[in-house]
Each structure stands twice: as structure tokens, then as C-alpha cells.
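Beneath this line is the structure, given in C-alpha cells, with notes to follow.
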Number of protein chains: 4
Amino acid sequence: MSSKNVLTGAKTFFPEVEFVPFEGKDSDNPFAFKYYNPAQLISGKSMADHFRFAIAYWHSFCGNGADPFGMPTRNMPWLNASNPMDRAKDKMDAAFEFITKIQAPYFCFHDFDLIEEGHSLVESEKRLQFIGDYAKEKMAASGVKVLWGTANLFSHPRYMNGAATNPDFSVVAYAAAQVKHALDISIQLGAENYVFWGGREGYLSLLNTDMKREVAHLATFLHAAKDYARSQGFKGHFFIEPKPAEPTKHQYDYDSATVIGFLKANGLENDFKLNIEVNHATLALHTFQHEFDQFPNNLGELTEAMLVILQAGGFQGGGVNFDAKIRRNSTDNTDLFLAHIGGMDTFARALIAADKIINKSAYVSLRNERYASFDSGDGALFEKGKLSLEDLHKLAGSSADPVQKSGKQELFENILNQYI
Amino acid sequence: MSSKNVLTGAKTFFPEVEFVPFEGKDSDNPFAFKYYNPAQLISGKSMADHFRFAIAYWHSFCGNGADPFGMPTRNMPWLNASNPMDRAKDKMDAAFEFITKIQAPYFCFHDFDLIEEGHSLVESEKRLQFIGDYAKEKMAASGVKVLWGTANLFSHPRYMNGAATNPDFSVVAYAAAQVKHALDISIQLGAENYVFWGGREGYLSLLNTDMKREVAHLATFLHAAKDYARSQGFKGHFFIEPKPAEPTKHQYDYDSATVIGFLKANGLENDFKLNIEVNHATLALHTFQHEFDQFPNNLGELTEAMLVILQAGGFQGGGVNFDAKIRRNSTDNTDLFLAHIGGMDTFARALIAADKIINKSAYVSLRNERYASFDSGDGALFEKGKLSLEDLHKLAGSSADPVQKSGKQELFENILNQYI
Amino acid sequence: MSSKNVLTGAKTFFPEVEFVPFEGKDSDNPFAFKYYNPAQLISGKSMADHFRFAIAYWHSFCGNGADPFGMPTRNMPWLNASNPMDRAKDKMDAAFEFITKIQAPYFCFHDFDLIEEGHSLVESEKRLQFIGDYAKEKMAASGVKVLWGTANLFSHPRYMNGAATNPDFSVVAYAAAQVKHALDISIQLGAENYVFWGGREGYLSLLNTDMKREVAHLATFLHAAKDYARSQGFKGHFFIEPKPAEPTKHQYDYDSATVIGFLKANGLENDFKLNIEVNHATLALHTFQHEFDQFPNNLGELTEAMLVILQAGGFQGGGVNFDAKIRRNSTDNTDLFLAHIGGMDTFARALIAADKIINKSAYVSLRNERYASFDSGDGALFEKGKLSLEDLHKLAGSSADPVQKSGKQELFENILNQYI
Amino acid sequence: MSSKNVLTGAKTFFPEVEFVPFEGKDSDNPFAFKYYNPAQLISGKSMADHFRFAIAYWHSFCGNGADPFGMPTRNMPWLNASNPMDRAKDKMDAAFEFITKIQAPYFCFHDFDLIEEGHSLVESEKRLQFIGDYAKEKMAASGVKVLWGTANLFSHPRYMNGAATNPDFSVVAYAAAQVKHALDISIQLGAENYVFWGGREGYLSLLNTDMKREVAHLATFLHAAKDYARSQGFKGHFFIEPKPAEPTKHQYDYDSATVIGFLKANGLENDFKLNIEVNHATLALHTFQHEFDQFPNNLGELTEAMLVILQAGGFQGGGVNFDAKIRRNSTDNTDLFLAHIGGMDTFARALIAADKIINKSAYVSLRNERYASFDSGDGALFEKGKLSLEDLHKLAGSSADPVQKSGKQELFENILNQYI
């Protein structure tokens, strides 16, 4: 990534910050990285390659600070132009200025982050084509890439009863049309993945819901989308982002395991993967989309996550997307930088700590020892499925009673704390 | 069920209650059912057959009222005898006295509910054989049946790091031996099902856990158990009871979907079903094991659940097991009756209300109307998977914008409230 | 209340509903009350007087259905006019049409519910004066009254860091000016009470907060507001509405007890009372503002609350304000009626049940019996503070050990369920 | 504290650990402190004096690892003796061995931690007198002190319906007698404070509860206890420990503010203080009893708490009591050391970081700047209560609109993270 070789527009939207350099942990410069050093190698891979940080177009450049109790608070000069196409261009200029200054190699977007939705499908499509061409130029000039694209199927009132699972077929068809456009632009921009987040796919009340029928519609919809994308040459993963509740009371993509079950039951498991949060990172480690209310700043928790991820060989084709909001009252232009710097530095520090724990401490051997009884003898036979219940019954009867063994959790925790 | 034809032992443990009759909603007798009338037909099936109520041996006859802050409170005269076999017999006498007086057709048990665990596997097995024979007689005399049996693989300290997923193979073998005995007695007593509840199968901390290996061991274990049971002629279902957390921080049987995913990934889905709670009743409607901290008394919630269950054709081979505790300070002998009467009456009342909502109100037609656009035309083609994304795109472009349709949740809720 | 003597404007906003009559529990009319019969006497007081139902101006006539994931969904024809004063008049016409048709005797408002905030304090004040005069006429013609008024000190971005507790004095002064206007219009309209809800009074992070100083500012602010209102002849209560969290992380008006402690510490306890939710109803029973995400439809819970309230002599000067939203996808004009009908009927049914439990069941005497040992003898002496710790020590030593007594919670619950 | 000058009994219960020295952050010795250096001065006070760490007698020497799903797991050799007095002595030997080896200056106890409850009040009192004398000797020899004592009024079945708030007077008297004994031994041992934790004071159900009467009994009870203690020369604080729920559904000592309100309403506020958790530390900073499920290991959170505490002048007369359990499966003798070492090191590290943030970073000045408008001019007048609502109204009208100011939360968080 040639992060300083920036193609910006005519205006400068973040004049306060020239560039965010790595300065090391003794720096007092709030606009420098203290731990994130893109080129630094950890376990033979650069930090940049470990994380593949992506900037979320929506929160960063569209989020206005409104909340259920209050109006927008944020000053967004890129929205000042009088016509929607100029606003879209200015917004993209601001985005590329920010992305390159913060040294992020990727961004992610919804269709209607890039542009404002038009008054008709045709108008929206035109706007998308326009901004697609503009993005392509800027990407080429800057080296910034798309981690994934998606369609916003939850904000518009037409989706209040669901998109692919709407009880009204005309809404389902509308959603499909929107996905087609979003796939087209994602493919055009070389997106590495495409995401489905079923924001309104779920129920507010079972009383008025035919869940079986709705879930079947969802599967049919995903098949159609996948078939189209493959027919257009898209080679990436499709990601589904699990979420238990909110905005609906029960989301159909409830959690990782629900989604995996759904995908397998519907023959979608080879194309669709999961966009997962930290806590589920161990279940299906394809990618790592930290979804938070706020930027990550809990060092211990993140170190524990990085430990798991590192030991599993790192992220498998995804990256770290900051799906986080700055606070509603963080209204300085520079707060967006501070939030990302804090998050990226915490990730970097967690990676460094996890690497040391693995390579310098007794951690790995202590953990492996716990399972040593399965490495040979009857334990190994069991692991291979070679022992019947009656075999096991006989073994238990003829052996001494099991010896109590502490789980040593406090020791493991102290080791972790020693390295952060 | 010939509930009055009771084979009791020499002692009477619940002298205060002769029998719990159905007396109707105007009765002021606290020891009579006001709604649960076993023989009354609802939708062509007796209430007894709808619910197949089962009494939980553990909470009802073993639970002593201890909690994390306090000692046992409950007076249990069936535990007064000086030797364990007499205590086991007295406990079973008390259980059959209660079960028949309350008109429950079933009970459920763990191995070490029936007897106290012995000092060795051999001793435990002997005790189980003894109580098995005793139970068989009492079942024959009373008509009471076993809904399911199971093994307690969570109380003993040897399971503090897991049973089938313990890092120590000798514990895994011990658990297998215990399951063999529990299967033997379940088969002997004609249990309709056998349950696995993975109480200690999960992790307290990922730091010291090799989750992948542990989950694989669980699958191997279940295969061995299933193969053995089938070899002994067991024809029933195996049930797995999902639970998200507690006692471990993350249970491997996290929820219905997790379990389904796990079963399918390991080729266990044909033999293993789910023992599910109300809230997941719609996902996999095989049985209905209401698991609560307390006996159910929320009429509205239960009516909503019965609506779903009735429309899906009722329980498929399971029943309603009261896995609930009376309060620690409910120390009168008769409180156990009051708790069950309250719970069974609430279920009965919910069933009656749900039946009326389905058959007398506009509920079903209102709900079906919401999905009418999929009953014919393009919607029906979509449902059959006949429309590509491009077809849908074309349809959306050529149709008028979708018309806004209220979800009418308040109307559905008012209908429900009208019938309770 | 002469609910049929309606003064409506030129337009009819709810043509689908003429009036919501009481028709009794066998009615199938979704737009009739099944239980709420305003004139019916319960314990010698009409239902209307028991509840003093108030319609929330904000959710009912201003709430547009937007949520954190989606745009407005609700069609509000009273906002179609081109200038703000006409919109305010139309909105008030719609409100009075609804309030009188649903037979509610009261409404509640924030300043900027009645009108849209102007571009300056002066402009806002002018608009408030205009709508105040208009409201006065309509109230006189309809008999509808104001339960309470308040100022919205949370929606505008200027309040993002707090209103009375803002670190910037100029915001504090602005908030004070707004409260002055809101008090003026509340007094003009004969509001029975005035409410402070500290929406943004609290902290998002302790790191940047001087909590001690902020809380002191709050007290100073309330003193100034109270002194002004009393100087203008206001005789009603000031209410504070506790809330633990959201929108801030920790609200200064955390809960009832926090507020009571704060009021006493600052000499405000004689003028300020609490606007409380059901769960805290027993702590300080001045009024009862059920605050919900949705309209109340849990009959058992509400009956338990009405039991407490009835036994404490009913509401003391407050009423039941429906601070609840219809669902975002409840977009029919008539859904607002259905939501309120459901809520009012559930309250009425709970009142009827609670009255029966008190007057027809053994409930009251069973509960009193539990405390009989304090009605005479040493227990009565203790209750009067006449026994020292040494006296009690001596009594304990010379008495038999306490006899175990069941709490009988299941019995109490069954009695409650019998009457709902 | 002369931690090496230990008076131990004949047996050694923790032979694996000789003493826990401070070795600094580069040590790999799991039984050494890496940050906690008792003598090291921070802001002119030794770490030992900052924290005044206390060991909880109950969890550390009585907790057996039982949980709601499982039996005891922990090996406690100090309970092996055949008579209760020898067990009490051995337990105290084990406690003093541990306390002195871990360098903790204090311990805390319930009456029935020190001894097993006898079969009568008289027997319990005799046992307490015996162990009191024994403790006195060991305290003199070791320099270890008592931070506070208390009575266990929640474990015994007699308290299942409450202790001071029990509906049965004979239980109230029994509780009073127990408190008298606990006060006597606390005074004998020079306890600096005495604690009331109302474990069973609250309700499981409002249905069977006369809350008003119960709360009045609680106040009467506390008055009697206080009067007795003062008459015996006790000069310390009485602490009340707030807790919202569990074991009851609603505890009367719900939270800090509830307790403060209760104390003031009953004239107890001069003698009774609060035993508080971290999150409420700012409300009433008398002491700091971190109550956790586990030992603290979240460095960021603890640093934020220490920041608040340091700036408020440190703990006022209390200390840090580790009311935390080792995990049920942490069954090695040494795990108790590891847990405390981890917790004490995390506290020490948090203190060091907080001190640096205050003294080396821009933190304090950045925070003060936010409130600068109240330091002079009209803001200062407001703070003194010199401005009426009309004055404020006038000021707001004549000033420019408030200027938007970012809360800079991300900046504050980044500063905190820089120093941990």
C-alpha cells in the first residue's frame, strides 16, 4: 500500500492531520501509532497483513450522531454540496483522504453509503454506476482496496417487515434488485468478499409470523444471489453476519451456529462463510469482523482473542473491519482519527503480546499437557473412535479412580497479564 | 393411567393430600385443578395426551433447598433411613405417591436421583439394579411410565473439568461407564427417550482449552453411547438439551441451532433430537421440556407457545417435564403439590385459550393473509426457486413500488389477550 | 370528562374510529373496550379516577418510527402543512381527536412536542405562546386536562454533553431558559404536575467527568426552577423520573432511591416527587408512570402491581401515562387505537382482579398472619424500639429455636392466577 | 507488617510456597509479585497503605467449590481433625500461614467462618470465645489485623425468610443474639470496622411481603446493634454492603443510593457507611470492597477506578477486601496464591498507571478545562446559587448560541491506554 501517494479531491476535509505515522510507545503525539507498525513482522508476517484493517464507510462517513433520544450532532462538510452526485464525490474524497492518512489498506461499504438512494431503482443504479467509476480511479491511484461490499436492506421503510423474508413478495423482489446492483458494483471494484447482514430478517412477534416460510424464502433468495454473482465471475466469499437480536426481537441469523446449520440445511455452505465477532472467533475462523458499540480498547480481552486466532493460523481471507461508532458527543473532526488510532494500537499491542505468550512463555506446553492422556494408549484409541461404550466401561472398572487435576485458570490468566 | 390404583409403600409421605381432582375454575380448593382435566378433549385429543406431564425426580425428591448462600432447608422424610437402599426405596415410594396423586403419567430421572452414588462403579451398578427392579414393580402397579432417563455427569468433582470433554481420558472413560449403566436401567424401565445434558461440557476459559479436540471427543462419545443403546434394542430418541451458559462460561450445547449443526457435522442427526425450551419451540419441534427457575405461571407467554405448538401438530413424541424448583423457603410438604398444580393449570388454560384462538378468532386467516402474495403468481414461482436474481430485478423494475403494510402486532396481541 | 363533546378542527385524522365504547368482554369489536369501563366503580371509585390515563404527546403524535437501523415509517398527515404553526395546530387537532375518542382524561407533553423548536429562543417562545392559547380553548371545550408538562433537554445537539450538568455554562443557561418557557406554558394550561427527566444528565465516561461538580449544578438548577415556578403560583408536584442508563452510561437519576437521596441531600424533598415505574411502585407511591418499550399486556404482572397500589390507597395525585411506542411496523392509523385499547383493558382487568383478590380471597389475611408475632408481646415491643440488643440476646437464649415456616409463595401465586 | 515473623501452628498447610516476594516485572516466578511492592511509595504513600489488602476468611478458607450443579471439589486439610475446635484452630493456622506469606496486612471474617456454628447459641458463643483468644495471640505475633468482622445471617435455614426482616419475631431475636456475639469478638480483636450484609433481607415475592413493616424492622435492628457496640466502646465504622438482587429477588440494600436514603431516613447516617464496589466508588468513597465473581484482572477498568480514587484522596478508612472465589476447578493448594498474586499485581499496576496519568499526562488539565466556564463570571455565580431562573433566561437570550464542544472521550481513553 502506498499510503502517502494519495489521490485526494480539491478540498481537504481533515486538515488537522497530515498523516498518522508509527512513532513507538514513548511518543506523546496523539496522532501517531504507538504500537501499530504496518511493516513490522510478527511471526513472519507484517502487521498490515495480519490485520488487513478496513474502514467502515457507513459509521465513518455517513453516521451523523443521531440516537433514539437525540438529533444528529456531527459536522460532515462532505455533505454540503447541493446535488447528490457532488455529495457522493465529496464523501468519497473525504473517505480516501482519511483511509490513506490512517494507513488502512481496505474499506467496506453498503450500496447506499456510497450514494444516497434515488427515487427509483433506475436512479439508484445510475448513481451507483457513477460512483463506481469514480471509486475505481481513486483505488487505482491510492492502492486502497475493498474488503467487502453489501446492500442496505434495512433502513428504508419498505423493509420494516423484512427484506428477503418480507411477507410481501413485491418487497422481496425489490430487495433482490438492490442486491443485484450491489453485487455489480462490488464486482466492478474487485471486492474480495460480499456480505449479507440480515438486519430486518427475523421476527418482532411470532404471533403474526410464519417462520418456516420466511426462512425458506431467505434460502431461496441467497441461492439466487449466489448464482448471479458466480455467473458474473465473482470468486470471493459470501459472508453472513450473525446477530441474536435487534432490530428484530429474534434475528434469523441468530449466531454462528444457527447460520452454519441454516447454510448446511440449504446447500449453501461452500459459498457462504461467517463474518464473526471476537467471541465466536473460535467456532469458525474465516474472518474477524469486530462489531462493537465502541472501538476496542480492552487489551486483555483482545489479547485472548489474538491468542486463539494466531494459534489457528491467523485470519483466513478476511480482515478487521471497524464496525464501530465514535461517540455522539465526539464531534471534532479529529475524533475519528483518535478512535481508529486507539483501536488499531490496541489490536497491535494484543498481537505482540499474544505472539510473546506463544513463543516465550510456558503457555502452549501447559495447555498441551492437559490433553496428554489422549496422545497415546487408550486415549488415542478413543480419539480415533476405536473404543466402544463397553470397552470404556471395562477400562473405567479396571483403572484407579481419576486423579483430581486443577484447571489452573488463574495461572493461565497471570501469564496473559504478564505479557500485556 | 389408573391414577387411584396406587401401589404405595408402608409409609405415607404426603398425608395432607389424598388426591388432586379436577374441580373446575370456580373451586376454591387449593388442592384441586381448576383447568387441567386429563380426560377433556381439546382438538380431538385429551389434555393428558397433549401434555404428557412428567415429574422431575431430582428437583421434586432430591432437591434440598441449598443455594450458593445457604444450607438445605427442606424436610425430606424419605431420606431418614439409615442405609442407602432403604433411603432409595423410601424415596421411590414418596415419588410414586406424589406422581399418582397429582395425576402425572410420567417421570424423568438421572441415575443418581434414584440412588445415591456408591463408592465404586460396581457398587453404584448394584444399587441401580436393585432400584430398577423395585421401580418396575411400582410402574406396573400404577401405570406410571418413564419419559426419559439420563446420567448425572456434572455433580461429582471428577467432572469439574468436563465429562465427555474432560482433558483427562480416565474421566471420559468413567463417564462412559456411567452412561452404560444409565442406559441399561432406562431400557429396563421402558424409557421412551434418553437425554444427554452436557452440564460440564464447555469451557470456563478459552485460555486453557483446546475446543476443537474437546468437541471431537464429545461426538465420539455420543456415537459410542448410541451404538451401545441400539445394540441393546433401544428404539427411542436421544435428546440433547441446549443451554448457553452456566455452569460453564460457554456450553458446547449452546442452543438449538448449535446442537443441530453439531449433530449434522457428526452424522448424529437421525438418532439425536432436541429437548427444547419454549422460546426455541419453533425451531425444532420434537418435544417441549420447559426448563425454568420456577414453575410456569405466565399465562400470556404460555398461550403464545401453545399456539405455535398446536399449529405444528402438537408435541412430536415428547412431553412436558417440570424441570423447576419450588422456592427454597417453600418448606411445607404440600408446597410441592401447589407448585405442580399451578403449573399444570397454567398449561391447561393456555391450551384451551390457544385452541379457541385458532378455531374461533380471525387469528389464522389474518396471519395467512400476510403471506398471500406467495400463494400464486410470481410469488409462488419465487417460492419454488424458479426466479433468478435477474428475473427478480426485472420484476422490481416493472412493478409499482411496494405498498406499506402494517404488521398489526397490537391487533394480534389483543386477540390473544381476549382469549386468556 | 365529557369525552363525546369534542372540539375538533376542520380535518378528521382518524376517520376509521368514531369513538371507543365499553362493550364488555364478549365483544369482538377490536375498537371497543372489553374491560375498561370509565364509570364502573371498583372499591368505591370509578375506573377513570383510579387510573387517570394520560396520552403521551411525543410517542403518539411525534414519534415517526425511526430506529437506530432505519428511517421513519409512520404516516403522520398532521405534519403535512407547509408552515410550522399550521403543523402545530393540525397536530393538536389530531391529538385531541384521539384523546377524546379513546376516552383519556389527560395528556402529557414536552415543550417541543407541542411545537417544532424555533431558530432562536425568542421564536420558540412565540410558538409556545401561540399553541398555549390554542390548547387552552380545546381543553375547555373537551374537558381534557394536562397531567404534566416538561421541557425537552435531550434531543438538540447542544445537550449532547448534558443540560443542567453540561460542562459549559452557556448550555446550562440555555436549558434554564427553556425550562422557564415550559413552566410558563404548563402553568397556563393548569398542568397538575411538572416533570424533569434528566435525559442527558449523567456520564458516558468517568474519565472526562467531574461528577461531584455536575451533580451540584443539577441541584442548583432544580432550586432555581422550583423557586421560579412557586413564584408564578404553581402548586403542583415536581416529578423526577429515574432511569439507570441510556442515553448516558450512568444517569444521575439512576433509580428511585438515588433520586430520593439526592433530593434530601439538597433540601428538595418537599417539592420534588418521583415519577415511577411499576417495579419501584412500592418504594415511594406518589404516582405511577408505566414506562415501557411497549404497551403493557402482561396481565399477571400488572395484577401484582395493582394489588400493591390498591392496598396502599391507590395513586397519590398522579396517573397512568402511556410512555410507550407502537411498533415501527405498526403503520396503520388505527394501530395507535389498538395499542391503547390493549393497554387500558389490561390495566382495567388487573384492577378488577386485584380488587377481587383483596376482597374475596384469603390473600390479605394470609399475608397478615405471617407478621402476627409482631402484633403483640415482645414482637410489638421490638417494633416500637423498646428492646436493646442485649434484651434480644436474652430472649433468643431463653426461647425455643424458631419453628420453620414456609413462605407459601406458590400458594399466593395460585391465588393470584385464580382471579385473573 | 512483619510478614516473615509468622506464628504458625505445628502443621504447614501451604508447603509449596515459602513466601511471596516482590521481584519486579521481568520475573518469571509465578509465586512472586511483579508489580505489588508493599514498601514502594506512590504519591508519597506506600502501596501497602494505599490498598490495605484484606483476605476474605470465607472464600479462602471455608469455600469448598460446591456450586448449584455440583458437589465440593476442594481439598482443605485444615478441616480433617475430628472435633470442631481443632478444626477451627487448624483453619486459623492455615489462614495466618497464607495471610503472612502473601503479605496481606488484614483479614475479614463472619462469625461462622471462624468456627462451625454450634447446636445452640450458648455453644456457638463458647466456640467464638475460644477462637477469639487464639486469634488474638496470632495477631499479636504476626502483626496481622482485622479490617472488619460480621455475622453470617444468611446461610442457616432459619434465615430463609430473612434475618432482621423475618416475618417471625423469634428469628429476629435470634439474629440479634448472633450479632451481639459477632460484635463482641470483633471488638475483642480490634476490628477497624463492622459490616452488615443483608443477605436474606429483601423479598422473593411482593405477594407475601409487607415491605414497609420489614424495612422498619431493619432500621430498629440496626439501631439496637449500633447502640450496643457503642456502649462497648467500639469506635469504628459500621458498613452496609449494597447488592441489588440474589439471593432474594429484590434486596433491601439494593444499591449505594438506596442505602444512603435508608440511613438518612432512619437517623443512621453518622455511624453507618458503605462497603462499596468499584462502579459505585465515586458516589460515596469511604472504602472499596471489590466484590467479584473472580479476582480482578481487567487492568484498564481498575486503572480507571484507581484514577477516581486517587484524585479523591485515596480510600478513607477502609481497604481492598478480596471477596472473590477461586474457580471450582482450581483445586491445587497453590491456586489460592496465584489468584491473590494476580489480583494484587493488577491493583498495583493500576495504581502505578493512575499515578502517572495524573502526574505526567495532560489528563487532569484536559478534564479541568472542560469546566472552565464555571470558574469565573456568570458560571461561578451560578455555581454559588446566585442566579435565578429568570437571570439564566436573560443570559441565554443575550448570549450567542453555545458552541459545540467535543467530549473527547476517545482522547481520554487513549491517554489511559498509553499508561497501562
Side-chain angles (χ1 to χ4, degrees), chain B residues 25-32 34-35 65 73-75 294-304 324-343 345-346 349 360-362 366 403-420, chain C residues 25-32 34-35 65 73-75 294-304 324-343 345-346 349 360-362 366 403-420:
Chain B
K25 75 189 169 75
D26 295 325
S27 167
D28 274 329
N29 177 3
F31 296 105
K34 281 149 203 73
Y35 293 92
T73 55
R74 200 167 160 212
N75 178 33
Q294 54 169 78
F295 284 79
N297 60 14
N298 187 325
L299 181 56
E301 210 176 75
L302 218 47
T303 303
E304 194 168 335
K325 292 179 199 171
I326 50 172
R327 273 70 170 211
R328 181 173 183 264
N329 63 344
S330 293
T331 52
D332 285 351
N333 229 342
T334 52
D335 290 336
L336 190 67
F337 280 93
L338 294 171
H340 280 85
I341 290 168
D345 263 349
T346 306
R349 201 170 166 185
K360 304 213 168 150
S361 82
L366 279 171
V403 174
Q404 189 170 49
K405 285 179 194 154
S406 170
K408 307 300 298 177
Q409 188 171 337
E410 287 84 2
L411 176 62
F412 281 93
E413 289 169 345
N414 286 359
I415 290 174
L416 184 136
N417 271 326
Q418 184 177 350
Y419 285 90
I420 67 174
Chain C
K25 75 191 169 76
D26 295 325
S27 167
D28 274 330
N29 176 2
F31 295 106
K34 280 148 205 71
Y35 295 91
T73 54
R74 200 167 161 213
N75 176 32
Q294 55 170 75
F295 284 79
N297 59 15
N298 186 324
L299 182 55
E301 208 178 76
L302 219 46
T303 302
E304 195 170 335
K325 293 179 200 172
I326 49 173
R327 275 71 169 209
R328 181 175 184 263
N329 63 343
S330 293
T331 51
D332 285 351
N333 230 343
T334 53
D335 290 335
L336 190 66
F337 279 94
L338 294 171
H340 280 86
I341 290 168
D345 263 350
T346 306
R349 203 171 165 185
K360 304 212 168 150
S361 82
L366 280 170
V403 175
Q404 189 170 52
K405 287 181 192 151
S406 170
K408 306 301 297 175
Q409 188 171 338
E410 287 84 3
L411 176 62
F412 281 93
E413 289 169 345
N414 287 359
I415 290 174
L416 185 138
N417 271 327
Q418 183 176 351
Y419 285 92
I420 66 175

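Chain A is the first sequence line, chain B the second, and so forth, proteins listed ahead of strands; every chain is numbered from 1.
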Worksheet item: Step by step, would you call B:Thr346 with C:Glu413 a side-chain contact (heavy atoms from CB on, under 4.5 Å)?
Response: CA-CA 11 Å; B:Thr346 306; C:Glu413 289 169 345; over 6 Å; no
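- In this structure, no portion of C:Asp345 lies under 4.5 Å from any heavy atom of chain B.
- The closest donor-acceptor contact from the side chain of C:Glu410 to the backbone of B:Arg327 lies under 3.5 Å.
- Within the model, atoms NZ of C:Lys34 and CG of B:Asn417 stand 10.5 Å from one another, a figure rounded to the nearest 0.5 Å.
- For C:Asn414, the part lying under 4.5 angstrom from a heavy atom of chain B is the side chain only.
- Between C:Ser330 and B:Ser406, the shortest heavy-atom contact is CA-OG, 3.5 Å.
- Within the 4.5 angstrom heavy-atom criterion, no atom of C:Phe412 approaches chain B.
- Closest of all the heavy-atom pairs between C:Asp332 and B:Lys408 is OD2-NZ, 3.0 Å.
- Between the CZ atom in B:Phe31 and the CG atom in C:Leu411 there is a gap of 7.5 Å [rounded to 0.5 Å].
- Using a 4.5 Å cut-off between heavy atoms, C:Thr334 contacts chain B through its side chain alone, with no backbone atom that close.
- Between the side chains of B:Gln409 and C:Asp335, no donor-acceptor pair of N or O atoms lies under 3.5 Å.
- Of the listed residues (B:Lys405, B:Gln418, B:Lys25), the greatest number of heavy-atom pairs within a distance under 4.5 Å of chain C belongs to B:Gln418.
- Using a 4.5 Å cut-off between heavy atoms, C:Arg328 makes no contact with chain B at all.
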